[in-house]
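In what follows, chains are A, B, ... by sequence order, proteins preceding strands, each numbered from 1. A quick note: this is a predicted structure, and the numbers were derived from the prediction, not measured.
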2 protein chains.
Amino acid sequence: MSHTLGARQAQKQKTRQALLDAALRLLEHQSLSSLGLREVTREVGVAPAAFYRHFRDMADLGVALVEESFGSLHAMVRDIRDEQAETDEVIRRTVEVIARYVRQHRTHFRFLARERHGGVARVREAIAVEFQRFAEELASDLADQPESDGWAPEDVRMLADLYVNLMVMTATAFMEAPPDEPEVERQIANAARRQLLLINLGRRHWNRG
Amino acid sequence: MSHTLGARQAQKQKTRQALLDAALRLLEHQSLSSLGLREVTREVGVAPAAFYRHFRDMADLGVALVEESFGSLHAMVRDIRDEQAETDEVIRRTVEVIARYVRQHRTHFRFLARERHGGVARVREAIAVEFQRFAEELASDLADQPESDGWAPEDVRMLADLYVNLMVMTATAFMEAPPDEPEVERQIANAARRQLLLINLGRRHWNRG
DNA sequence: CTCGTGGGCGAACGACTGTTTACCGAATGA
DNA sequence: TCATTCGGTAAACAGTCGTTCGCCCACGAG
């Protein structure tokens, strides 16, 4: 069982988490491929050799960070999906949730944006897989909606990809905005809402316009 | 004058270009922040100290690569903008031009995608400036079209951002596709065309839907 | 023809890197 | 209680790195 793990494994996972946290902190101002093993252990305060007790190399740690990042991201979309309301209200809430998520998990999202096309192949592939699963889930949700009646499955998937990309684009814009400027955030949110609105308009007129 | 530069400066620009080419070649499998000065000079076949005759540091070389990359990218949009035809034909040609551009300048575009959110601040900022100029030009073009009658300037800019983002997304998909699989490329092109179509649909119904 | 400019070279520097080794000592299970 | 497992340590290894320093010598201006 796992709910009562010994003090031994507890301490191990504690330093493992410390390594992940330190790495994420350092990755705020550099990319994974330039982040050194010694740099991370120095930040935590452990010997360099201790690193190997938890990860094979830095790419391994990177993949672990991908899982961690997508964990909180899935929580975000669950928030969005569970909302049930009028279309305009759904849009408003969606953008709001994205903004809040980015504010609360800035480092996680910056890591994903930076390493999505970054220099470490294994991490790149891990992120690609997760985003793909993401789009598939959204496509499955969209297919169940009455607005998708008569839509070809490939068109639903196309729409899902469009939504995912818009979400990434919006989150990236929030991420790059200075954290202490609510006016900039309001502008980004406004543009995102209108873009969602325009896409929904196109969606309603897709078959027979 | 510049059309008759001595053999002295000619040789200098030749090695400078060799450094840029070598860097771009090496950046195919790593990111700028992990690319070493010695690595580049070794690839070219010159002494490490020679690097300083052309660039202050690697970030300097990075912004030079940004300018080079956007040079050919501007040529691409000029190709697209000069096309004048029916809407569906414009869409078809647009996606085709993007595909061809990515095929011919794969390394340049991969560099932009990788460093857009990468670990080198100066390069990131240079790319952001160029993309912003990009969206502004497109917005100015869109405003002149009859379809934009009665549109608020901020809505036109919103639409331009949507188009730019879709272009980047499509080009990235082409870039990540294996170069010798025309079937995958056809699928990407097909999805991109339908996404453009859907956005155009929303655009037509923007005021009074 | 002569002389100064400047691109490229080789060598050296101190600092830092990833990885391996043997070892310590506390938590663990019998 | 005793033997064992194992997370963490210190030290050393061979490389690589960015940067600086004279020096060379082909080129270009006078």
Side-chain angles (χ1 to χ4, degrees), chain A residues 1-23 25-27 29-65 115 118-123, chain B residues 1-23 25-27 29-65 115 118-123:
Chain A
M1 291 308 161
S2 64
H3 63 291
T4 50
L5 69 172
R8 201 66 195 262
Q9 301 200 15
Q11 184 58 34
K12 175 169 184 179
Q13 293 216 348
K14 204 170 173 182
T15 50
R16 186 192 133 102
Q17 191 58 47
L19 286 170
L20 289 171
D21 292 348
R25 210 176 311 132
L26 293 167
L27 284 173
H29 300 100
Q30 57 186 315
S31 58
L32 186 64
S33 51
S34 75
L35 179 59
L37 173 158
R38 296 182 98 104
E39 212 171 337
V40 177
T41 58
R42 193 186 311 127
E43 176 87 358
V44 174
V46 296
F51 182 90
Y52 295 100
R53 304 291 188 191
H54 303 275
F55 306 101
R56 186 182 302 272
D57 50 25
M58 285 298 299
D60 214 38
L61 181 143
V63 174
L65 278 180
E115 303 303 329
V120 185
R122 286 178 49 207
V123 172
Chain B
M1 293 305 165
S2 64
H3 63 291
T4 51
L5 69 171
R8 201 67 194 262
Q9 301 201 13
Q11 183 59 34
K12 173 167 185 179
Q13 295 217 346
K14 204 172 174 181
T15 50
R16 186 192 132 103
Q17 191 60 44
L19 288 170
L20 289 171
D21 293 347
R25 209 176 312 132
L26 294 167
L27 284 174
H29 300 100
Q30 56 187 314
S31 58
L32 185 64
S33 51
S34 75
L35 180 59
L37 174 157
R38 296 181 99 106
E39 213 171 336
V40 177
T41 57
R42 193 185 310 126
E43 175 88 358
V44 174
V46 296
F51 182 90
Y52 296 99
R53 304 289 189 194
H54 304 275
F55 306 101
R56 185 181 305 272
D57 50 25
M58 285 295 301
D60 213 39
L61 180 143
V63 299
L65 279 179
E115 303 303 329
V120 185
R122 286 178 50 207
V123 172

Below 4.0 angstrom, which residues in [range] have at least one non-hydrogen atom near DNA chain C?
{"range": "residues 31-44 of chain A", "result": "A:Gly36, A:Leu37, A:Arg38, A:Arg42"}
{"range": "residues 9-23 of chain A", "result": "none"}
{"range": "residues 47-55 of chain A", "result": "A:Ala49, A:Tyr52"}

Taking side chain as C-beta onward, heavy atoms only, is [X] less than 4.5 Å from [Y]?
{"X": "A:Gln11", "Y": "A:Lys14", "result": "yes"}
{"X": "A:Met58", "Y": "A:Val120", "result": "no"}
{"X": "B:His54", "Y": "B:Asp60", "result": "no"}

If you round to the nearest 0.5 Å, how far is [atom2] of [Y] from [atom1] of [X]?
{"X": "B:Glu39", "Y": "B:Leu26", "atom1": "CD", "atom2": "CG", "result": "5.5 Å"}
{"X": "B:Ser31", "Y": "A:Gln30", "atom1": "OG", "atom2": "CD", "result": "10.5 Å"}
{"X": "B:Leu65", "Y": "B:Asp21", "atom1": "CG", "atom2": "CG", "result": "9.0 Å"}
{"X": "A:Arg53", "Y": "A:Leu19", "atom1": "CZ", "atom2": "CG", "result": "13.0 Å"}
{"X": "B:Leu37", "Y": "B:Leu61", "atom1": "CG", "atom2": "CG", "result": "9.0 Å"}

- Could you pull out all residues at least two apart from A:Ala50 that satisfy side chain to side chain contact (heavy atoms under 4.5 Å, CB included)? A:Val46
- With sequence neighbours left out, what residues match A:Ala64 under side chain to side chain contact (heavy atoms under 4.5 Å, CB included)? A:Arg16, A:Leu20, A:Phe55
- Message: More than 12 heavy atoms of other residues, nucleotides or ligands under 6.0 Å from CD of A:Gln13: yes or no?
- Response: no
- Task: Please test A:Leu35 against A:Leu27 for side chain to side chain contact (heavy atoms under 4.5 Å, CB included), starting from the C-alpha separation and ending with a verdict.
- Result: CA-CA 7 Å; A:Leu35 179 59; A:Leu27 284 173; 3.8 Å; yes
- Task: Using the heavy-atom set of chain B and a strict 4.0 Å cut-off, write down the first and last nucleotide of DNA chain C that makes it in, 5' to 3'.
- Result: C:dT5 to C:dA12
